[in-house]
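Within every chain, numbering begins at 1; the chains are lettered A, B, ... in the order of the sequence lines, protein sequences first and strands thereafter.
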Protein chains: 2
Amino acid sequence: MLSNAAQYAIRSILYLALYSNATQRVRAKKISQDLEVPQPFLAKLLQRLGGADLVSSSKGPTGGFYLNKANRNKTVWDIIVTVDGTEKFNQCFLGLHTCSDTNPCPVHFSVSPFKQAIKKDFKGKTIAQFAEEIKKRGTVLSLKDFDALHE
Amino acid sequence: MLSNAAQYAIRSILYLALYSNATQRVRAKKISQDLEVPQPFLAKLLQRLGGADLVSSSKGPTGGFYLNKANRNKTVWDIIVTVDGTEKFNQCFLGLHTCSDTNPCPVHFSVSPFKQAIKKDFKGKTIAQFAEEIKKRGTVLSLKDFDALHE
DNA sequence: CCAATAAAGGACTAAATTATCTTTTTTTGT
DNA sequence: ACAAAAAAAGATAATTTAGTCCTTTATTGG
């Protein structure tokens with residue numbers, strides 16, 4: 001449903017929402033280590049996300065990635081669209097591009113409501129709101145317990 | 001969520017459930033045309049499905065593929081397991097292999113019920129039952145209206 | 001100004017998936 | 001027996017996705 005790249009992107013941006021701001025920037029290397037994601041691949045990906053105004057960055061010593069106000073008002077759906085495009089996510093479960101409510105495939109009505117729900121969730125909440133929820137609920141972005149490192 | 005191969009496999013088997021039996025066999029070429037799936041790729045795939053006892057076949061003129069009794073009692077889940085394995089389907093939406101109800105990722109509780117429901121559906125119904133539903137509801141396996149060709 | 005640091009950019013490599021091609025084996029009808 | 005038809009089998013090719021490496025550019029602190 002999502003490419004590795006899109007998964008990495010979502011996790012990285014939620015990570016930055018939690019642990020960065022304009023003065024506390026995080027290097028690509030640190031993000032890749034904390035999230036256990038291949039470093040050069042992530043670097044490339046962050047570049048793309050920068051181009052799409054989903055993350056901000058600055059060069060040089062003390063440089064790194066962070067989220068500014070605008071970045072925090074984007075949605076998870078924006079990330080998916082930027083990295084994977086919409087087609088992959090919207091596609092019929094059996095790959096039929098004519099599948100719809102009026103011309104359904106055999107599993108359409110099992111699959112469709114959930115996709116709609118997930119999509120609505122991803123479109124309706126900003127990254128900032130998502131990050132708030134993560135803090136409240138204590139959900140997890142990585143295998144490692146890296147919270148300790150940030151306290 | 002599913003590979004092209006798994007999608008083709010499901011559609012082909014449901015197709016055979018509807019349009020074949022031990023004496024009315026269907027050639028790989030016809031299936032590929034009706035479902036609009038690459039022919040040599042499908043031939044290979046049907047071979048694998050034969051090996052896994054999900055379809056039956058016979059060689060020579062008048063030969064082709066069909067479903068026997070045993071094949072009709074398999075499930076869509078069996079197809080997915082055979083073609084893709086379980087990992088891909090069960091994997092966390094964000095790719096975290098530690099994600100679970102007790103250690104959830106940020107989208108776990110949006111995504112998890114959906115997966116459970118689909119999986120239950122795919123495990124609980126036989127191909128034969130699925131085919132019955134398709135007949136009743138008139139759902140669709142292809143872009144083309146190939147029903148006419150079978151009447 | 002200079003050395004160190006970090007992102008940006010571009011070229012390249014690897015792996016997996018998807019798709020094709022060719023040959024062999026089995027079966028059928030004549 | 002033989003020719004035609006179809007699946008089985010195995011090798012190969014193309015495409016996409018994932019991942020790496022190297023060079024350039026910008027920024028900071030001394």
Side-chain angles (χ1 to χ4, degrees), chain A residues 1-9 11-12 16 20 22-33 35-68 71 80 82-85 87-89 91 95, chain B residues 1-9 11-12 16 20 22-33 35-68 71 80 82-85 87-89 91 95:
Chain A
M1 203 147 180
L2 295 185
S3 66
N4 284 8
Q7 294 177 344
Y8 297 163
R11 288 166 61 204
S12 298
L16 288 173
S20 83
T23 54
Q24 293 287 312
R25 300 178 276 225
V26 189
R27 286 170 297 136
K29 190 175 179 182
K30 174 149 182 54
I31 304 175
S32 72
Q33 286 169 345
L35 298 184
E36 292 181 301
V37 156
Q39 196 238 300
F41 189 77
L42 183 65
K44 266 273 155 246
L45 180 60
L46 288 167
Q47 236 178 76
R48 281 180 66 195
L49 297 175
D53 197 32
L54 291 166
V55 305
S56 305
S57 66
S58 67
K59 292 183 179 181
T62 80
F65 294 90
Y66 63 99
L67 299 191
N68 65 21
N71 304 147
I80 292 173
T82 298
V83 179
D84 281 352
E87 198 173 326
K88 196 172 171 178
F89 191 98
Q91 196 199 34
Chain B
M1 202 146 181
L2 296 185
S3 66
N4 284 7
Q7 294 177 345
Y8 297 163
R11 287 167 60 207
S12 297
L16 288 174
S20 84
T23 54
Q24 292 288 310
R25 301 178 277 227
V26 189
R27 288 171 296 137
K29 191 174 178 187
K30 172 147 183 59
I31 303 175
S32 73
Q33 286 170 345
L35 298 183
E36 292 182 302
V37 156
Q39 195 240 299
F41 188 78
L42 182 66
K44 266 275 155 242
L45 181 59
L46 288 167
Q47 237 178 76
R48 281 181 66 195
L49 297 175
D53 195 33
L54 290 167
V55 305
S56 306
S57 66
S58 67
K59 293 184 178 179
T62 80
F65 294 90
Y66 62 99
L67 300 191
N68 64 22
N71 303 147
I80 293 173
T82 298
V83 179
D84 280 352
E87 199 173 327
K88 196 172 173 183
F89 191 98
Q91 196 199 35

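A/R25 and A/S58 share a donor-acceptor pair across their side chains, judged by distance under 3.5 Å alone. A donor-acceptor pair shorter than 3.5 Å cannot be found between the side chains of A/Q91 and A/K88.
In this structure, the side chain of A/R48 engages the main chain of A/T82 through a donor-acceptor pair within 3.5 Å. At least one donor-acceptor pair under 3.5 Å links the side chain of A/R11 to the backbone N or O of A/L35. No side-chain donor-acceptor contact under 3.5 Å links A/N68 to the backbone of A/S56. Distance alone, capped at 3.5 Å, is enough to place a donor-acceptor pair between the A/D84 side chain and the A/S3 backbone.
As a whole-Å value, the separation of A/L54 CG from C/dA7 P is 17 Å. Taking atom CD of residue A/Q33 and atom P of nucleotide C/dA6, one finds them 11 Å apart after rounding to whole Å. Residue A/Q39 contributes atom CD, which lies 14 Å from atom C1' of C/dA8 at whole-angstrom precision. Rounded to an integer number of Å, the gap from A/Y66 OH to C/dA7 P is 12 Å. When the C1' atom of D/dG19 is taken as reference, atom CD of A/E36 falls 17 Å away, rounded to whole Å. Atom CG in B/L45 sits about 17 Å away from atom P in D/dG10, given to the nearest Å.
With a 4.5 Å cut-off on side-chain heavy atoms, B/P38 and B/Y8 count as touching.
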Could you pull out the protein-nucleic contacts involving nucleotides 13-18 of chain C (nitrogen or oxygen on both sides, under 3.5 Å)?
unit_1	atom_1	unit_2	atom_2	d
C/dT18	OP1	B/N4	N	3.0

Contact list (N/O, under 3.5 angstrom) for nucleotides 5-9 of chain D vs protein:
unit_1	atom_1	unit_2	atom_2	d
D/dA6	OP1	B/R27	NE	3.4
D/dA6	O4'	B/G60	O	3.2
D/dA7	OP1	B/A28	N	2.9
D/dA7	O3'	B/S57	OG	3.4
D/dA8	OP1	B/S57	OG	2.8
D/dA9	N7	B/K44	NZ	3.3
D/dA9	N7	B/Q47	NE2	3.0

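In this structure B/Q33 satisfies the side-chain contact (heavy atoms from CB on, under 4.5 Å) test together with B/K29, sequence neighbours excluded.
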